[in-house]
S.K.: 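Here it is, the structure in full.
To find a chain, count down the sequence lines: A is the first, B the second, and so on, and within it residues start at 1. What you see is a predicted model; the values in this text were computed from it and never measured.
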Protein chains: 2
Amino acid sequence: MTTIKDIAEAANVSLATVSRVINDGPKVGPKTRAHVKAVMEEMGYRPNINARALVTKKNTSLGLVLAELMDPFFATYADAIETVARHANTQLLMSAGSVQAETELKAIETLLNHRVKAMVVHAKFLDDETLISLASQAPGFVLINRYIDAIKHRCVWLDNVAGGRMMAEQVLKLGHRHIAVISSDFTIEDRTEREQGIRESLAQWGIELTDSQIVHASPNQQGGESAMRQLIASGARFTAVLAYNDAMASGAINVLSDHKFAVPDDVSVMGFDDVILAQYCRPQLTTLHYPIAEMASQAAALALDYAQGKALPTNTTYKYLPTFVSRNSVAKIKL
Amino acid sequence: MTTIKDIAEAANVSLATVSRVINDGPKVGPKTRAHVKAVMEEMGYRPNINARALVTKKNTSLGLVLAELMDPFFATYADAIETVARHANTQLLMSAGSVQAETELKAIETLLNHRVKAMVVHAKFLDDETLISLASQAPGFVLINRYIDAIKHRCVWLDNVAGGRMMAEQVLKLGHRHIAVISSDFTIEDRTEREQGIRESLAQWGIELTDSQIVHASPNQQGGESAMRQLIASGARFTAVLAYNDAMASGAINVLSDHKFAVPDDVSVMGFDDVILAQYCRPQLTTLHYPIAEMASQAAALALDYAQGKALPTNTTYKYLPTFVSRNSVAKIKL
DNA sequence: TTGTATGCGTTATCAC
DNA sequence: GTGATAACGCATACAA
């Protein structure tokens with residue numbers, strides 16, 4: 001690899017001069033500048049970003065922690081961040097944290113070791129304390145999809161309790177009174193918060209969610225299928241099903257179809273997230289739109305701002321709400 | 001950020017010693033080693049990867065160029081590479097190349113500037129020459145989904161002509177003789193190669209693909225819809241439709257349904273790629289499985305091998321074939 | 001306008 | 001075993 005030194009020699013100028021033309025430095029003669037540029041071009045010079053970062057103490061990359069790329073939810077998330085990064089002329093350094101505290105920690109630490117200027121972190125399994133400590137080590141550390149009070153101004157999150165309430169209210173308004181819930185078996189807050197919201201809304205209508213009407217499984221299509229099978233086998237009575245996400249809703253619909261239940265005529269099924277699948281599957285899913293793209297953009301912009309040292313209000317937080325998307329998997333109750 | 005120097009002072013030892021305990025160097029007294037480790041822990045030391053890379057001339061990250069993360073095809077691709085990277089204890093530096101030569105070039109150059117030790121590149125719009133030149137600048141440069149003869153030992157690609165033939169043969173075997181093609185309007189090789197394969201197979205059966213039976217549109221669901229509308233409006237006669245990818249197939253099916261054509265009873269529709277959508281949509285898509293995950297793993301492993309200086313045969317290439325996946329969107333022709 | 005010298009944080013090559 | 005010290009490639013304060 002040709003260095004700044006090589007081209008300095010070849011161009012018969014000093015290191016400093018070359019450095020100046022590279023960085024469009026202020027005082028360089030137009031002639032030498034042209035000459036140096038020509039030599040650089042000829043020798044195929046490429047700046048060494050690492051060396052530059054070392055001396056300027058400014059890394060140009062934005063860190064990103066996510067669970068896994070395959071999940072369309074995370075794909076949307078990553079894509080939004082990538083877009084912000086590209087427009088800000090910064091590179092994306094990505095670390096997958098999987099679904100364990102240990103790997104999440106490793107993912108974040110790696111980014112820290114790389115001295116990324118900013119990072120957007122999706123971490124569901126690490127505890128609050130660890131995250132707070134980690135956040136204090138990077139100026140541009142922003143948490144997404146999680147709220148921690150001590151660093152709330154660095155949190156971009158969704159109000160899951162409200163989301164749970166919205167789901168329940170929608171089917172209640174349509175006359176449903178027998179409601180089942182298909183939830184995730186990951187013990188993360190999202191799940192408990194949404195369930196809590198659902199219970200709150202039901203309670204307002206004097207309805208209780210009994211144990212036989214809620215079942216937990218893996219938050220994917222297979223999980224949705226097995227959950228629905230379990231629900232049917234248990235003899236639970238329901239006209240509406242609230243799923244933890246679209247994949248589970250889709251799985252549930254498959255099993256309902258197999259059992260000759262028409263969706264939404266016999267049973268309504270509501271999803272969550274509004275990933276692309278919601279539009280592709282049949283019937284198209286009525287669901288709650290998780291504004292992950294907007295949230296990710298916000299988080300990336302925020303992280304970049306903090307990294308840049310911009311002083312932002314520390315007493316606010318970045319809370320988002322899902323929005324209801326009406327498609328074809330939920331209907332009024334039959335009389 | 002605390003540096004190696006800080007902890008050397010705090011521990012009353014030299015820089016060298018600290019460096020040794022960090023790298024599990026050979027000759028350090030067990031007592032000093034423990035002491036230094038304690039100090040490091042206490043002061044929260046983090047190695048600066050950039051500085052390390054500068055002196056060792058060994059970057060620990062693997063570069064990745066792709067078009068866009070949202071596309072499930074690329075998500076699968078990125079996910080497979082991420083998995084390899086994680087197991088090799090290397091970080092992923094990602095650059096999106098979008099769908100233009102200019103941005104593709106920028107994406108690759110950025111990675112080069114970062115001195116990534118290896119990189120897997122998906123580039124469809126840059127010309128061969130440029131790519132060959134770029135490849136020569138990075139030891140671990142591997143191209144995916146593209147074949148260039150001059151660097152064939154660094155190419156991991158799919159035989160699209162064979163893919164096209166497979167599609168045609170499948171429906172021909174099922175008795176279809178009136179075949180329409182819905183293809184991409186991106187002028188990349190994949191498209192022309194697959195069309196070529198289709199034409200070859202049809203020709204063997206004495207069938208010609210007339211201009212009215214092939215239509216081009218954006219390679220997504222909307223494109224599939226508009227293409228199918230165009231096909232129907234033109235009055236073309238067909239009992240089987242070969243789509244450029246699953247998304248287009250899905251769009252085509254939607255429009256067929258709207259026009260009261262049953263799939264596959266009235267019209268068979270075949271996809272390509274076998275992305276997750278193929279299983280989710282109804283009817284589930286009969287399609288050609290693009291082994292992108294395997295190919296990506298292969299490419300990443302190859303890139304890492306080359307980066308490591310491993311001498312691999314330079315006269316072979318890494319060619320893959322799609323595999324037929326029979327689901328519910330293709331059927332025998334009705335008599 | 002250009003050149004010299006210093007340091008960024010780390011590893012590695014010497015001595016001791 | 002341990003400690004100086006010279007790189008690595010680059011930016012920049014200071015001289016010239």
Side-chain angles (χ1 to χ4, degrees), chain A residues 1-40 43-61 109-117 137-138, chain B residues 1-37 39-40 43-61 91 109-117 137-138:
Chain A
M1 274 282 114
T2 81
T3 75
I4 211 174
K5 190 178 167 192
D6 298 327
I7 83 118
E9 286 171 3
N12 264 319
V13 293
S14 73
L15 294 182
T17 303
V18 178
S19 181
R20 287 191 191 97
V21 340
I22 290 175
N23 301 291
D24 280 325
K27 290 159 180 287
V28 188
K31 233 178 77 181
T32 38
R33 159 163 290 149
H35 179 221
V36 169
K37 281 201 170 180
V39 175
M40 287 190 353
M43 302 184 67
Y45 171 74
R46 290 193 181 289
N48 183 322
I49 299 284
N50 298 316
R52 183 178 288 171
L54 184 60
V55 45
T56 62
K57 290 169 163 301
K58 283 181 198 315
N59 195 301
T60 60
S61 48
E109 284 185 325
T110 307
L111 259 25
L112 250 19
N113 292 352
H114 273 270
R115 302 291 190 273
V116 294
K117 66 174 166 189
Q137 296 174 45
Chain B
M1 275 283 113
T2 81
T3 75
I4 212 175
K5 190 178 168 193
D6 298 329
I7 83 119
E9 287 171 2
N12 264 317
V13 292
S14 73
L15 294 183
T17 303
V18 178
S19 181
R20 287 193 190 97
V21 341
I22 290 175
N23 302 291
D24 280 325
K27 288 160 179 286
V28 188
K31 233 178 78 181
T32 38
R33 160 163 288 150
H35 179 220
V36 169
K37 280 202 171 181
V39 175
M40 285 187 358
M43 302 184 67
Y45 171 75
R46 289 191 181 290
N48 184 323
I49 300 285
N50 297 316
R52 183 178 290 171
L54 184 59
V55 46
T56 62
K57 291 170 164 298
K58 283 182 198 314
N59 195 301
T60 61
S61 47
Q91 254 17 65
E109 285 186 325
T110 306
L111 258 27
L112 250 18
N113 292 351
H114 272 270
R115 301 291 190 273
V116 294
K117 66 173 164 188
Q137 296 174 45

S.K.: Within the structure, does a side-chain N or O atom of B:Ser19 lie under 4.0 Å from either OP1 or OP2 of C:dT11?
M.R.: yes
S.K.: How long is the straight-line distance from OG1 of B:Thr60 back to CZ of B:Arg52, given to the nearest 0.5 Å?
M.R.: 8.5 Å
S.K.: Consider side-chain contact (heavy atoms from CB on, under 4.5 Å). Of A:Ile22, A:Val28, A:Val13, which one does A:Val36 pass it with?
M.R.: A:Val13
S.K.: Would you indicate, yes or no, if C:dT11 has its OP1 or OP2 atom less than 4.0 angstrom from a side-chain nitrogen or oxygen of B:Lys58?
M.R.: no
S.K.: Provide, to the nearest angstrom, the distance between the CD1 atom belonging to B:Ile4 and the C1' atom belonging to D:dG3.
M.R.: 13 Å
S.K.: Between the base of D:dG3 and the side chain of B:Arg20, is one N or O donor paired with an acceptor at under 3.5 angstrom?
M.R.: yes
S.K.: From CZ of B:Arg33 over to P of D:dG1, roughly how many Å is that when rounded to an integer?
M.R.: 10 Å
S.K.: Whole Å only: how far is the CE atom of A:Met40 from the P atom of D:dG9?
M.R.: 17 Å
S.K.: Just call it for A:Asn23: base, sugar-phosphate, or nothing, with non-hydrogen atoms closer than 4.0 Å on any strand.
M.R.: sugar-phosphate
S.K.: Out of C:dT11, D:dG9, C:dG9, which has the shortest distance to the side chain of B:Thr3?
M.R.: C:dG9
S.K.: Looking for any heavy atom pair under 4.0 Å, which part of the strands does B:Lys5 touch: base, sugar-phosphate only, or nothing?
M.R.: nothing
S.K.: In whole angstrom, what separates B:Asp24's CG from C:dA12's P?
M.R.: 13 Å
S.K.: Please determine if a side-chain N or O atom of B:Asn48 lies less than 4.0 Å away from the OP1 or OP2 oxygen of C:dT10.
M.R.: no
S.K.: Taking atom P of C:dC8 as reference, at what distance in whole Å does atom CZ of B:Arg52 sit?
M.R.: 18 Å
S.K.: 5'-most contact on DNA chain D: B:Ala51 or B:Val28, nearest heavy atom basis?
M.R.: B:Val28
S.K.: So, under a plain 3.5 Å distance rule, would you say the side chain of B:Arg46 forms a donor-acceptor pair with the base of C:dG9?
M.R.: no
S.K.: Look at the side chain of A:Thr32 and decide which nucleotide, out of C:dG9, C:dC8, C:dT1, has an atom nearest to it.
M.R.: C:dT1
S.K.: From D:dC8, C:dA12, C:dT11, pick the nucleotide closest to the side chain of B:Ala16?
M.R.: C:dA12
S.K.: Counting side-chain heavy atoms from C-beta on, which of D:dA11, C:dT10, C:dG9 comes nearest to B:Leu54?
M.R.: C:dG9
S.K.: Grab the CG-P distance between B:Asn59 and C:dT11 for me, whole Å please.
M.R.: 14 Å
S.K.: Measure CG/A:Leu15 against P/C:dT4 and give the value in whole Å, please.
M.R.: 9 Å
S.K.: Counting just side-chain N and O atoms, does B:Lys57 come under 4.0 Å of either OP1 or OP2 of D:dA7?
M.R.: no
S.K.: Less than 4.5 Å apart, any side-chain heavy atom of A:Met40 and any of A:Val21?
M.R.: yes
S.K.: Just to be sure I understand the rule, does A:Thr17 reach a base, reach only the sugar-phosphate, or reach nothing, if contact means heavy atoms closer than 4.0 Å?
M.R.: sugar-phosphate
S.K.: Once rounded to the nearest 0.5 Å, what's the spacing between atom CD1 of A:Ile49 and atom CG of B:Leu54?
M.R.: 12.5 Å
S.K.: To the side chain of B:Val13, which of C:dT11, D:dG3, D:dA11 is closest?
M.R.: D:dG3
S.K.: Between CD of B:Gln137 and CZ of A:Arg46, what distance do you get to the nearest 0.5 Å?
M.R.: 4.0 Å
S.K.: Could you tell me whether the side chain of A:Asn48 and the main chain of A:Asn50 form a donor-acceptor pair under 3.5 Å?
M.R.: yes
S.K.: Taking for each residue the nucleotide of DNA chain D with the nearest heavy atom, is it B:Gly29 or A:Pro47 whose nucleotide lies nearer the 5' end?
M.R.: B:Gly29
S.K.: Kindly point out which of D:dT12, C:dG3, D:dT2 is positioned nearest to the side chain of B:Lys27?
M.R.: D:dT2
S.K.: Between D:dT2 atom C1' and B:Lys31 atom NZ, what is the distance in whole Å?
M.R.: 14 Å
